[in-house]
Each structure stands twice: as structure tokens, then as C-alpha cells.
Amino acid sequence: MVDHAFADARLAGLYDSLNPWAPCDDFYLDLVRGAGSVLDVGCGTGALLARAREQGHPGRLCGLDPAAGMLSVARRRRADVEWIDGTLSSARPDGLFDLALMNGHAFQVWVDDAEIRTSLDAVRELLAPGGRFAFETRHPAARAWESWVPERAVEVAGVRIAHEVVAGFDGRTVTFDTTFSGAGWGAPEVSRSTLRFLSEGQLDVFLEGAGLVTEVRYGDWDRSPLTASSPEIITVCRVAERLPHR
């Protein structure tokens with residue numbers, strides 16, 4: 001579990017080691033293969049779109065991320081993928097996409113209701129007729145934050161990464177620190193993050209408000225049904241035929 005705000009080049013260099021290819025990537029890669037044009041929101045170091053291109057995806061692939069260090073890694077990976085530095089509000093790409101996606105629990109960095117609505121409206125505007133939006137959030141009932149403790153720190157390439165919750169779940173959000181330390185690192189570096197946890201019903205309210213209709217939902221990357229004990233809420237939605245009245 002890693003904060004997506006890896007702006008520093010040193011941290012971006014660790015990202016792929018901390019986040020090796022996993023079942024979640026296979027899930028999204030399958031969706032990418034079936035779409036002619038794809039926007040990866042919060043693309044990080046670009047592993048997903050790079051893999052799709054390597055496997056022969058012939059269409060438009062575009063990655064969007066606000067962290068320059070991450071995009072530097074992505075650009076070294078593939079020059080035949082569009083990499084855009086920014087967010088949906090600051091650097092929206094031109095054209096429409098058959099698929100937009102958010103991997104790595106990036107959806108949860110949208111904390112405020114207004115931010116979620118504005119961001120989903122932006123996603124909806126970037127989708128072609130019949131386009132789909134896929135993302136995942138951690139299931140609140142799984143209480144993933146209870147494992148974000150210093151005692152469960154990991155070490156990658158000589159760097160120790162430890163998490164510690166500083167503001168527990170209040171029914172909406174969890175705030176935690178990620179501390180990076182190690183020989184040759186200098187002073188420890190601390191990154192503070194706040195994530196929003198939404199229930200299935202709350203997600204649907206926001207999606208419907210943006211003109212998006214849930215097509216399918218899973219509880220884990222094996223496509224098992226969503227239950228109260230599922231670790232994830234994985235959503236694939238599509239553009240509604242008509243926008244809702246507001």
C-alpha cells in the first residue's frame with residue numbers, strides 16, 4: 001500500500017519494486033485489450049499502458065499523473081504512449097476515450113464530496129458514447145488501515161517503508177504517514193496522506209450523479225462477487241444513455 005504522490009525521483013525509482021505486477025494489473029490489462037482508446041488516470045510509472053503496448057495494443061493509450069518523477073519513469077518505458085503531467089482538473093487530454101481507469105486505489109485520494117463529483121464529471125466528459133470507467137476502492141468493512149502499523153514495515157532496495165495511522169477511520173477518511181528511511185537516505189522522509197472510504201451505495205450515488213451506471217462489481221481480483229467480507233469494491237461502470245437531472 002503506497003501513496004500515489006511520488007513526486008520525488010528517489011521515491012519514483014522505488015515504486016515498481018514496491019508495486020510489482022499483480023492480479024489487479026491483469027484485471028485492468030484485460031479491459032485495456034478490449035478498448036480502442038484508453039485513459040489511465042493516476043498512471044504512476046506507466047507499467048500498465050506500457051505492457052499493453054508491448055503486447056500489441058494498436059490504439060490510443062494515454063497516462064495522466066501529477067507526479068513528474070513518476071512520469072519520468074513512464075516516458076523512459078515507452079515513447080509511443082501519451083504521458084500527461086497533471087490532473088483531470090489541470091491538464092485534461094483532448095479527445096474521447098472508450099475506457100478510463102484508475103488503478104492502485106487512486107480513486108480514494110478524492111476526499112471531499114465536491115472533489116469526487118467534479119472529478120467524476122470530468123471522467124464522464126472524456127468518455128465516448130458507450131464508454132466505460134473502471135476503478136477500485138478498499139472495502140470499508142475490511143478495515144485495511146488496521147494493518148498500517150510501523151511493525152509491518154517493509155524494506156526495498158535498502159529503504160525501509162513504514163506506515164502509521166495518525167487519524168483513524170471517522171466514517172469517511174483515514175489519515176496516515178508513510179516514512180522512508182535507510183542508510184544513505186539522509187533524514188527520514190515522511191509523506192502524509194488522507195484516503196476516503198466509500199460504501200457500495202455511496203459510490204453509486206456519486207456515479208449516478210455523474211451520468212455513470214454500474215455495469216458490474218466484484219469483491220476481489222478473481223472476479224468473485226462483492227460481499228460484506230470482500231477486501232475490495234471493484235467497479236466497472238458505463239456512460240448512461242441520458243444524463244440525470246440535477
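Every value quoted in this text rests on a predicted model; they were computed, and no experiment measured them. For the numbers below, each heavy atom of this structure counts, side chains included, while hydrogens, waters and symmetry mates do not.
Residues Asp220 and Ser230 have side chains not in contact (no heavy-atom distance under 4.5 Å, counting atoms from C-beta outward). For the pair Arg132/Leu101, no side-chain contact is recorded, criterion being any heavy-atom separation below 4.5 Å from C-beta on. With a 4.5 Å cut-off on side-chain heavy atoms, Pro93 and Leu39 count as touching. In this structure the side chain of Trp21 reaches within 4.5 angstrom of the side chain of Arg51, judged on heavy atoms. Side chains of Arg223 and Asp30 form a contact here, defined as non-hydrogen atoms less than 4.5 Å apart. Asp204 places none of its side-chain heavy atoms less than 4.5 Å from the side chain of Thr235. Side-chain atoms of His57 and Leu49, non-hydrogen and from C-beta on, never get closer than 4.5 Å to each other. For the pair Phe97 and Phe133, the minimum side-chain heavy-atom distance is 4.5 Å or more.
With respect to the salt-bridge test (charged N to carboxylate O, under 4.0 angstrom), the residues Arg196 and Asp113 qualify. Of the charged side-chain nitrogens involved, at least one lies within less than 4.0 Å of a carboxylate oxygen, so that Glu125 and Arg92 count as a salt-bridged pair. A salt bridge between Asp80 and Arg78 is present, with a side-chain N of the basic residue lying under 4.0 Å from a carboxylate O of the acidic one.
The minimum heavy-atom distance between Val109 and Glu115, with the atom names listed, is O-OE1, 3.9 Å. The nearest pair of heavy atoms linking Pro66 to Asp85 is O-OD1, 3.6 Å. Residues Gln55 and Leu29 share a closest heavy-atom pair of OE1-CD2, 3.7 Å. When every heavy atom of Asp65 is checked against every heavy atom of Leu71, the shortest pair comes out as O-CD1, 3.4 Å. In plain terms, the two heavy atoms of Asp98 and Gly36 that are nearest each other are OD2-N, 3.2 Å. Trp83 and Ala74 get closest at one heavy-atom pair: NE1-O, 3.4 Å.
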* To do: Step by step, work out the side-chain contact (heavy atoms from CB on, under 4.5 Å) result for Glu136 and Trp221.
  => CA-CA 10 Å; Glu136 87 283 344; Trp221 301 111; 3.6 Å; yes
* Kindly determine whether Asp40 and Tyr28 satisfy side-chain contact (heavy atoms from CB on, under 4.5 Å), including the steps that lead there. => CA-CA 10 Å; Asp40 186 351; Tyr28 286 110; over 6 Å; no
* Start with the C-alpha gap between Val38 and Leu31, add the side-chain angles, then the distance that decides, and say whether side-chain contact (heavy atoms from CB on, under 4.5 Å) holds. => CA-CA 9 Å; Val38 181; Leu31 295 178; over 6 Å; no
* Can you check side-chain contact (heavy atoms from CB on, under 4.5 Å) on Val174 and Phe197, steps first, answer last? -> CA-CA 8 Å; Val174 173; Phe197 286 78; 3.7 Å; yes
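Relative ring orientation between Phe135 and Phe107 is described as parallel, the plane-to-plane angle staying below 30° on a 0-90° scale split at 30° and 60°. Under the 30°/60° scheme for interplanar angles, the aromatic rings of Phe176 and His163 are found to stand perpendicular.
Side-chain atoms of Glu189 never come within 3.5 Å of backbone atoms of Ser181 as a donor-acceptor pair (strictly under, hydrogens ignored). A donor-acceptor pair is defined here as one N or O able to donate and one able to accept, closer than 3.5 Å; no such pair exists between the side chain of Arg238 and the backbone of Pro129. Between the side chain of Asp112 and the backbone N or O of Ala114 there is no donor-acceptor pair closer than 3.5 Å. Looking at Arg160, its side chain never comes within 3.5 Å of a backbone N or O of Ala153 through a donor-acceptor pair. The backbone N or O of Ile233 sits nowhere less than 3.5 Å from a side-chain atom of Glu200 that would complete a donor-acceptor pair.
Hydrophobic clustering of Ile, Leu, Val, Met, Phe, Trp and Tyr side chains at less than 4.5 Å, counting indirect connections, keeps Val41 apart from Val81. One hydrophobic cluster, built from ILVMFWY side chains closer than 4.5 Å, cannot hold both Val123 and Val236; they sit in different ones. Val73 and Leu64 end up in different hydrophobic clusters when Ile, Leu, Val, Met, Phe, Trp and Tyr side chains are linked at under 4.5 Å. When the side chains of ILVMFWY residues are joined at heavy-atom separations under 4.5 Å, either directly or via intervening members, Ile84 and Leu88 end up in a single hydrophobic cluster. Put simply, Leu126 and Ile116 are part of the same group of oily side chains (I, L, V, M, F, W, Y) that touch within less than 4.5 Å, one to the next.
Taking CD1 of Ile234 as the start and CZ of Arg217 as the end, the distance is 10.5 Å to the nearest 0.5 Å. Note that the CD atom of Gln108 and the OG1 atom of Thr173 stand 11.0 Å from one another [nearest 0.5 Å]. Interatomic distance, CG of Leu120 versus SG of Cys237, reported as 8.0 Å (0.5 Å rounding). Separating the CD atom in Gln202 from the CZ atom in Arg172 is a distance of 9.0 Å, to the nearest 0.5 Å. Atom OG1 of Thr178 sits about 9.0 Å away from atom CD1 of Ile161, to the nearest 0.5 Å. In this structure, Thr137 OG1 and Glu232 CD are separated by 7.5 Å, a value rounded to the nearest 0.5 Å.
Summarising the local packing, CG of Asp170 is surrounded by more than 12 heavy atoms from other residues, nucleotides or ligands at distances under 6.0 Å.
Residues Asn103 and Asp25 bring a donor and an acceptor atom of their side chains to less than 3.5 Å of each other.
With Leu127 as reference, Val239 is the one residue of Val239, Leu99, Leu96 to meet the side chain to side chain contact (heavy atoms under 4.5 Å, CB included) rule.
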